Amino acid sequence: MRLSRFFLPVLKETPSEAQIVSHRLMLRAGLIRQEAAGIYAWLPLGFRVLKKIEQIVREEMNRAGAIELLMPTLQLADLWRESGRYDAYGPEMLRILDRHERELLYGPTNEEMITEIFRSSVRSYKDLPKNLYHIQWKFRDEQRPRFGVMRGREFLMKDAYSFDVDEAGARHSYNQMFVAYLRTFGRMGLKAIPMRAETGPIGGDLSHEFIVLAETGESGVFCDRRVLDLPIPGEDVDYDGDLSPVIEQWTNLYAATEDVHEPARYERETRPEDRLQTRGIEVGQVFYFGDKYSKPMKALITGPDGVERPAQMGSYGVGVSRLLGAIIEASHDDKGIVWPDAVAPFGVGIVNLRPGDGAVDAACAQAYAALSKAGLDPLLDDTDERVGAKFAVMDLIGLPWQLIIGPKGLADGVVELKRRSSGDKQSLPLAEALKVLGA
RNA sequence: CGGGGCGUAGCGCAGCCUGGUAGCGCAUCUGCUUUGGGAGCAGAGGGUCGCAGGUUCGAAUCCUGCCGCCCCGACCA
């Protein structure tokens, strides 16, 4: 993409409404634009990151055996009356009347709908287990939206729902998602720690929150710092095999949010030098909740013994849009965002320091073609801005690499390659720079 | 939902107390100069001062109501 053709409305000054660093940077770098309290338009740069994150989530869900579908944003109130949640949910749920005065709601979650879909066609234990997920916009009418996309009212969420014939099966499904989450967040360059969690209004008896450690996070956390060094399962992890050793490894070390923190146990189970008290951002949560929905909604499975029982269910959420904020909170400096390679909106920014200079233009074109061909998705700054402005914008939007090409360097036969995360710069011939980048 | 604050040009703000021709910086446009880390000079365009009502000869400014947004707390994927 050429910057001169792209839509990148960056802001030099910080809008006054933004309080935390990720919100400020998302506005300044032209990722989002606020349309109403807690409701954002995704501008092209932010949209690219959102899609990258979404795709990583999708790939890891598929790898773990979950099946993607897509449910609507609007749901009938009657469906929620079956589970009793229509009245229980409160003003956070956005309720809507259509022209026939039928009661609808903009879904804050989809347990009822997936249970209804499931029960309409599945009757036998032979059809289980099943894990169905979708990535869809949700709405929760937060009393007080804040922190940009970290606590918006409208948000993009991946939610998966598992159906098993018995508790042992359901726990295996839970473990599959647990492992898939370790991989998902790891691929995004995040240290997301599974922590014991309260089950909240969704209910159930087994739950973990996945927390990204960030000093600007919204909740306090206590953990054994050795949890930061635990290995993330590889691509070859056998999701059909016994995953409990992985789960045990990750849950044996103390890790809890302040809501469920037990000081006495913390003191007992951790060495003083390993105690880490910091803050974090919740980016995912896994629940096992048994027959909470399948029983009242009569999602019944006939077992091998011929007896009908409610399906054993779990649900597994990832805050896709929130992840942008979380990643930025965890990865930025005073100049701007520092995108991890896997989610960067472009792989490399090519900075043409002198558009109109034949040699510089030609070198940029050569780099652009080679990097494009290698799938590195370059962004070429071919604008007439001054170099200072170009560098400032490039640092602000946080592309992992900057390939800086100007007349002075070219006269010496070199270009400059800069790694955004470290700030390291090296001067080298273009061909070698391209080789470093993998083109 | 309790408490506080703010709505004036695309963004950041002053003006309001004490009513009288709507301003500043950045951004935008034009010209000239400049050009390896957010340039300089000169000129230009851009506003129903959140909305509605009231007081007044006259309202951005005073009064009333409404709407929107932000912050602290409670709450929360």
Side-chain angles (χ1 to χ4, degrees), chain A residues 9-20 23-24 27-28 30 33-39 89-93 107-111 135-160 181 197-202 207-212 218-219 257 259 280-287 315-323 325-326 334-336 351-357 360 381 383-397 402 404-412 414-416 418 423 425 427:
Chain A
V10 298
L11 304 175
K12 208 169 184 176
E13 292 173 278
T14 301
S16 59
E17 75 261 20
Q19 208 60 26
I20 61 166
H23 190 193
R24 286 202 295 263
L27 292 169
R28 284 197 56 212
R33 182 180 162 77
Q34 179 167 326
E35 297 297 335
I39 299 176
Y89 215 95
E92 272 202 343
M93 184 151 73
T109 179
N110 285 69
E111 280 83 3
I135 300 172
Q136 177 63 291
W137 292 92
K138 308 283 194 293
F139 195 92
R140 290 182 196 174
D141 200 355
E142 296 281 348
Q143 293 161 357
R144 193 190 158 203
R146 60 180 134 176
F147 305 145
V149 299
M150 299 254 281
R151 190 175 173 187
R153 292 195 292 172
E154 188 183 52
F155 55 98
L156 187 61
M157 182 174 173
K158 185 283 301 178
D159 41 325
Y181 278 23
E198 287 183 309
T199 50
I202 294 180
S207 178
H208 287 86
E209 288 179 356
F210 284 73
I211 306 275
V212 171
E218 78 254 88
S219 44
T257 62
D259 301 336
I281 301 158
E282 183 190 340
V283 290
Q285 187 159 16
V286 289
F287 294 100
S315 77
Y316 316 93
V318 170
V320 175
S321 50
R322 162 180 279 207
L323 270 164
D334 57 346
K335 293 195 169 110
V351 182
N352 183 332
L353 291 180
R354 188 76 58 85
D357 179 301
V360 177
D381 183 350
T383 64
D384 287 324
E385 287 297 315
R386 303 174 64 78
V387 297
K390 286 177 181 246
F391 289 138
V393 168
M394 205 51 89
D395 285 344
L396 176 63
I397 67 175
Q402 295 172 18
I404 298 155
I405 303 179
K408 292 183 185 174
L410 282 187
D412 296 331
V414 295
V415 298
E416 187 173 275
K418 174 176 163 182
K425 297 183 229 179
S427 290

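Just so we're clear, the structure is a prediction, and the values are computed from it rather than from any experiment. Quick note on labels: first sequence line is chain A, next is B, and so on, each numbered from 1.
- Counting non-hydrogen atoms under 4.0 angstrom, A:Gln34 reaches the backbone sugars and phosphates but no base.
- Going from atom CZ of A:Arg144 over to atom C1' of B:G3 covers 11 Å, rounded to whole Å.
- Taking atom C1' on both B:U56 and B:C41, the two are 46 Å apart, rounded to the nearest angstrom.
- Summarising the geometry, the separation between CZ on A:Arg24 and C1' on B:C70 is reported as 14 Å, rounded to the nearest angstrom.
- Residue-level contact check: A:Gly406 touches the bases, meaning some heavy atom is under 4.0 Å from a base atom.
- Looking at heavy-atom distances under 4.0 Å, A:Met394 makes no contact with the nucleic acid at all.
- Within the shown strands, nothing qualifies as a pairing partner of B:G58 under the Watson-Crick or G-U definition with both distances less than 3.5 Å.
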Report the C-alpha separation of A:Asp395 and A:Lys418 in whole Å, then their side-chain angles, then the decisive distance to 0.1 Å, and conclude whether the salt bridge (charged side-chain N to carboxylate O under 4.0 Å, His left out) test is met.
-> CA-CA 10 Å; A:Asp395 285 344; A:Lys418 174 176 163 182; 3.1 Å; yes

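- Within 4.0 Å (heavy atoms only), A:Gln19 reaches sugar-phosphate atoms of the nucleic acid but no base atom.
- Closest to the side chain of A:Gln143, from the set B:G38, B:G36, B:C75, is B:C75.
- Nucleic acid contact class of A:Lys158 (heavy atoms, under 4.0 Å, all strands): none.
- Contact annotation for A:Arg151: base contact, defined as any heavy-atom pair under 4.0 Å involving a base atom.
- Spacing between atom CD of A:Glu92 and atom P of B:A74 amounts to 16 Å, rounded to whole angstrom units.
- Within the 4.0 angstrom heavy-atom criterion, only backbone atoms of the sugar-phosphate kind lie near A:Glu282; the bases stay farther away.
- When the nucleotides B:G12, B:G36, B:G38 are ranked by their closest atom to the side chain of A:Val393, B:G38 comes out on top.
- A:Glu13 comes within 4.0 angstrom of a base, heavy atoms only.
- Of the candidate nucleotides B:U35, B:A27, B:G37, B:A27 has the atom nearest to the side chain of A:Lys12.
- Nucleotide B:C41: paired with B:G31 (Watson-Crick or G-U wobble, both distances less than 3.5 Å).
- Along RNA chain B, the nucleotide closest to A:Thr14 and the one closest to A:Leu410 are compared, and the more 5′ of them pairs with A:Thr14.
- As rounded to the nearest Å, B:G7 and B:G12 have C1' atoms that lie 14 Å from one another.
- When the C1' atom of B:U34 is taken as reference, atom NZ of A:Lys390 falls 15 Å away, rounded to whole Å.
- Only the C1' atoms considered, B:G23 is 40 Å distant from B:C1, to the nearest whole Å.
- Counting non-hydrogen atoms under 4.0 angstrom, A:Pro407 reaches a base of the nucleic acid.
- Atom CD in A:Glu17 sits roughly 14 Å away from atom P in B:C72 (whole-Å rounding).
- Taking atom CZ of residue A:Phe147 and atom P of nucleotide B:C69, one finds them 17 Å apart after rounding to whole Å.
- Taking atom CD of A:Glu385 as the reference point, atom P of B:A27 lies 9 Å away to the nearest angstrom.
- Considering only the side chain of A:Val387, B:G36 comes nearest among B:G38, B:A74, B:G36.
- Here, B:A77 and B:G38 have their C1' atoms 38 Å apart, quoted to the whole Å.
- Shown here, B:C49 forms no base pair; nothing in the strands shown gives a Watson-Crick or G-U wobble contact with both key distances under 3.5 Å.
- At the heavy-atom level, A:Gly284 lies nowhere under 4.0 Å from the strands shown.
- Among the protein residues, A:Gly152 comes within range of the nucleic acid bases, having at least one heavy atom under 4.0 Å from a base atom.
- When heavy atoms are screened at a 4.0 angstrom cut-off, A:Ala36 is found touching the sugar-phosphate backbone but no base atom.
- Listed candidates were B:C11, B:C76, B:G38. Nearest to the side chain of A:Ala389 is B:G38.
- For B:C72, one of the phosphate oxygens OP1 or OP2 lies less than 4.0 angstrom from a side-chain nitrogen or oxygen of A:Arg146.
- Using a 4.0 Å heavy-atom cutoff across all strands shown, A:Arg33 reaches no nucleic acid atom at all.
- With a cut-off of 3.5 Å on both pairing distances, the Watson-Crick or G-U wobble partner of B:G68 is B:C6.
- B:A22 is unpaired under the Watson-Crick or G-U wobble criterion, no partner having all donor-acceptor distances under 3.5 Å.
- With B:C70, B:A77, B:G37 as the choices, the nucleotide that has an atom nearest any side-chain atom of A:Glu142 turns out to be B:A77.
- When the P atom is used for both B:C16 and B:U61, the distance is 12 Å, rounded to whole Å.
- A:Asp395 comes within 4.0 angstrom of a base, heavy atoms only.
- Using a distance-only test at 3.5 Å, with no hydrogens or angles considered, a donor-acceptor pair links the side chain of A:Arg140 to the main chain of A:Pro108.
- Checked by atom type and distance alone, the side chain of A:Arg151 never pairs as donor or acceptor with a backbone atom of A:Arg322 at under 3.5 Å.
- Here the C1' atom of nucleotide B:C70 and the CD1 atom of A:Ile39 are 16 Å apart, to the nearest Å.
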